[in-house]
There are 2 protein chains.
Amino acid sequence: MNGTNRRRITSKELAKLAGVSSATISRAFSPNSRIGSATRDRILAVAREYGYQPNAIARSLNNQRSRLVALVVNAIGNPCEAEEQQLLIHRLQAHQLLPILLCCADHSDRLQLMRLASTYQVDHVVIFSDMVSMQDAVDIFHTTKPIIVSFEPLENEDVSNIRIDGAVGAGEIIDKIVSDGKRRFAYLSGTKSSWIDKLRRKWFADALARHGLAFEAEAFGDYSYDSGFKEAVLLLHRSKVDAVICGNDVMAIGARDAARRVLGKNTPGDIAIVGQDGIAMAAWDCNDLTTLSLDHVSFMDAVVEVIERHEAGDEGPHSITLACTPRWGSTA
Amino acid sequence: MNGTNRRRITSKELAKLAGVSSATISRAFSPNSRIGSATRDRILAVAREYGYQPNAIARSLNNQRSRLVALVVNAIGNPCEAEEQQLLIHRLQAHQLLPILLCCADHSDRLQLMRLASTYQVDHVVIFSDMVSMQDAVDIFHTTKPIIVSFEPLENEDVSNIRIDGAVGAGEIIDKIVSDGKRRFAYLSGTKSSWIDKLRRKWFADALARHGLAFEAEAFGDYSYDSGFKEAVLLLHRSKVDAVICGNDVMAIGARDAARRVLGKNTPGDIAIVGQDGIAMAAWDCNDLTTLSLDHVSFMDAVVEVIERHEAGDEGPHSITLACTPRWGSTA
DNA sequence: ATCGTTTGTGTAATCGTTTGCACAGCGATA
DNA sequence: TATCGCTGTGCAAACGATTACACAAACGAT
């Protein structure tokens with residue numbers, strides 16, 4: 001009530017005020033506990049009056065459950081991750097779970113940070129970052145089975161994971177581009193070190209192989225627009241490719257801009273450009289990107305489904321596979 | 001060490017293993033405590049062997065400091081907020097503070113969520129959302145002085161805030177557009193209910209007034225690309241404006257696309273379009289937006305500066321004002 | 001040899017909840 | 001009336017750390 005009150009009132013103090021014991025206070029706030037409904041109502045009224053709320057830290061210590069979830073991501077800056085995170089956070093909130101966001105560019109910082117979060121006894125861990133090795137994750141959160149978002153079957157069988165498979169969708173996209181007459185393909189990677197990126201590349205490489213083709217040129221960026229732009233300029237200057245598959249949508253937009261602005265080439269006529277992720281921006285009129293898209297809603301539904309099962313005590317491990325589908329735009 | 005170990009070891013157990021008391025274990029992990037360096041080294045070695053880390057929940061309960069920070073935002077989906085959040089989270093991590101992200105579309109959910117976070121005894125609260133009334137914030141986090149990001153001097157003098165002022169920058173932009181010969185202005189609002197949006201509009205309205213002009217048309221969106229596109233179509237059909245000031249950059253891009261695609265009008269010749277925020281995307285070649293831009297780095301530096309002072313025990317209130325500056329693109 | 005100071009360690013209280021156990025009251029059943 | 005079961009409440013022990021206090025040992029100075 002009184003906003004200038006500095007200290008928070010405790011259950012013991014409230015107990016005195018309500019003329020009951022602190023145990024009864026606790027029961028008034030626990031849904032299925034043996035307590036007279038008159039007592040409960042009275043306690044809740046007094047609690048409201050004095051602004052009492054049970055201390056979640058103390059409760060967590062007692063319960064051995066913090067209702068905190070650690071989310072390990074590379075960067076919120078990437079619109080794909082931002083869209084997914086927002087969906088996930090909303091869903092977590094519906095379960096009264098609070099997200100702690102760990103986002104980090106540097107690798108050793110990331111491990112440090114994961115260790116820090118693990119001291120908060122998080123109930124769940126979701127790892128979106130392909131920069132974290134599964135062994136590190138399991139070691140650091142050794143009391144919490146992590147949920148890994150991966151792109152291939154995991155070697156460690158004891159970890160729940162969401163697997164994303166774009167092989168079929170990539171095939172459809174390659175088929176279309178080849179049937180449009182393109183033959184000379186390049187792959188513009190998101191990063192050099194990420195195994196996710198290697199796998200994404202493989203989906204397309206395999207599809208090309210079925211047409212007797214292979215990537216003629218390669219380049220490495222960092223998933224950013226600027227790197228997409230810059231690497232595309234270099235790439236298109238040094239080799240005469242007529243189709244570029246990019247590691248994500250943002251880089252694809254950069255590459256498209258580079259082709260148009262620096263090389264004077266238009267899509268899809270002069271050159272085909274393909275993204276990956278299916279971010280909202282890809283569908284904007286100014287972009288209208290052809291991209292290998294993942295449905296973020298079902299993706300996050302899957303993550304939450306695994307969390308729900310873990311909450312219910314069934315630690316699995318659970319594994320869910322999702323397929324990517326093409327979004328057809330005017331760039332390929 | 002052993003990744004399959006289910007339960008976490010406690011300081012008391014480690015004490016037994018190391019042949020000391022649990023108090024000594026605690027001291028081994030506290031930087032400035034009286035402990036023999038030989039003992040500390042031995043304890044740290046044993047701790048590493050058994051994978052012991054002090055339990056942050058228990059420590060928080062004892063310390064009365066959780067090292068958690070609640071960030072209240074509207075939506076991560078907005079690239080502006082995403083860029084800012086990422087900067088802020090990185091800086092928090094350097095201070096060993098962990099962010100809890102509260103993001104919510106619905107208003108009552110938001111209050112509910114803020115109440116939930118407050119039970120975790122967060123050490124700091126940063127409110128980015130213009131949908132939260134300051135009184136609600138102060139009431140809910142009554143033991144933690146919140147930091148409010150605002151666009152005008154606060155009526156409640158007891159709250160630290162970061163104030164953002166774009167009056168001068170908006171004036172420069174209007175001057176330029178008027179000197180280019182435009183006279184008929186529209187304002188495309190981000191939301192109907194937000195006081196931030198009203199203030200942003202006022203910066204431009206005041207600047208127009210100095211030229212003896214006023215907004216001829218208004219429309220309301222929801223800060224999204226789609227709403228920018230749709231409202232711009234309606235707006236441009238019903239009135240003959242030659243300049244549109246938008247509530248944020250994303251809507252401006254939508255409006256630009258609408259003008260170009262549906263109305264066949266080009267920027268800046270046929271129509272001037274201006275955004276607000278200064279997100280990275282505004283500078284992309286395909287957008288090259290003229291926008292009233294806020295330097296996100298100094299913005300987040302300011303937030304962290306206030307947090308640092310609060311950490312140091314000086315609860316202020318502190319107030320920092322930042323100015324917006326134009327980014328000149330090819331849309332106005 | 002004595003005193004004072006410093007250093008290192010243990011004991012026990014504390015932080016604010018939750019929950020198993022005990023028990024009192026009370027209505028129903030035999 | 002004695003017994004049983006059920007309900008509502010209090011007592012006290014966790015949960016896992018931190019820290020004020022006490023004290024013993026070590027050391028230097030007199």
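Excluded from the calculations below are hydrogen atoms, water molecules and symmetry mates; all remaining heavy atoms, backbone and side chain alike, are included. Nothing here was measured: the structure is a model prediction, and the numbers come from that model. To find a chain, count down the sequence lines: A is the first, B the second, and so on, and within it residues start at 1.
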Engineer: Among C:dT9, D:dG8, D:dG10, which is the nearest nucleotide to the side chain of A:S21?
Structural biologist: D:dG10
Engineer: Measure from the side chain of A:L61, starting at C-beta and using heavy atoms only, and say which of C:dT17, D:dC15, D:dA17 lies closest.
Structural biologist: D:dC15
Engineer: Heavy atoms from C-beta onward define the side chain here; which of D:dG10, C:dG10, D:dG8 lies closest to that of B:V20?
Structural biologist: C:dG10
Engineer: Side-chain donor or acceptor of B:N62 under 3.5 Å from a matching atom on the base of C:dT14?
Structural biologist: yes
Engineer: Which nucleotide in the set D:dT18, D:dA22, D:dG16 lies at the smallest distance from any side-chain heavy atom of B:S26?
Structural biologist: D:dT18
Engineer: Return the value, rounded to whole Å, for the distance between atom CZ of B:R34 and atom P of C:dG8.
Structural biologist: 8 Å
Engineer: Is the side chain of B:R42 donor-acceptor paired with the backbone N or O of B:A18 at a distance under 3.5 Å, no angle test?
Structural biologist: yes
Engineer: Would you call B:R67-B:E311 a salt bridge at under 4.0 Å N-O?
Structural biologist: yes
Engineer: Expressed as a whole number of angstroms, how long is the span from B:I35:CD1 to D:dT18:P?
Structural biologist: 12 Å
Engineer: Respond yes when some side-chain nitrogen or oxygen of A:Y120 is under 4.0 Å from OP1 or OP2 of D:dA17, and no when none is.
Structural biologist: no
Engineer: Is there a donor N/O on one and an acceptor N/O on the other, under 3.5 Å, for the side chain of B:R27 and the base of C:dG10?
Structural biologist: yes
Engineer: A:L17 CG to C:dG16 C1': how many Å, rounded?
Structural biologist: 16 Å
Engineer: When you measure from the side chain of B:N63, which nucleotide among C:dG10, C:dC15, D:dT19 comes out closest?
Structural biologist: D:dT19
Engineer: Toss me the dot-bracket line for DNA chain D: Watson-Crick and G-U wobble, both under 3.5 Å, 5' to 3', using | for pairs to another strand and [ ] for crossers.
Structural biologist: ||||||||||||||||||||||||||||||
Engineer: Among C:dT17, D:dA17, C:dG10, which is the nearest nucleotide to the side chain of A:A58?
Structural biologist: C:dT17
Engineer: With respect to the side chain of B:T39, which nucleotide from C:dT9, D:dT18, C:dT17 is positioned closest?
Structural biologist: C:dT9
Engineer: Is there a donor and acceptor pair, one atom on the side chain of B:R8 and one on the base of D:dG16, closer than 3.5 Å?
Structural biologist: no
Engineer: Aromatic contact between A:Y120 and B:Y120, with the criterion being ring centroids under 6.0 Å apart: yes or no?
Structural biologist: no
Engineer: Please, which pairs that meet ring-ring contact (aromatic ring centres under 6.0 Å, His included) have at least one residue in residues 53-73 of chain A, sequence neighbours excluded?
Structural biologist: none
Engineer: Base, sugar-phosphate alone, or nothing: which one does B:F29 contact when heavy atoms must sit under 4.0 Å apart?
Structural biologist: nothing
Engineer: Going by the angle between their ring planes, with limits at 30° and 60°, are A:F29 and A:Y52 parallel, tilted or perpendicular?
Structural biologist: perpendicular
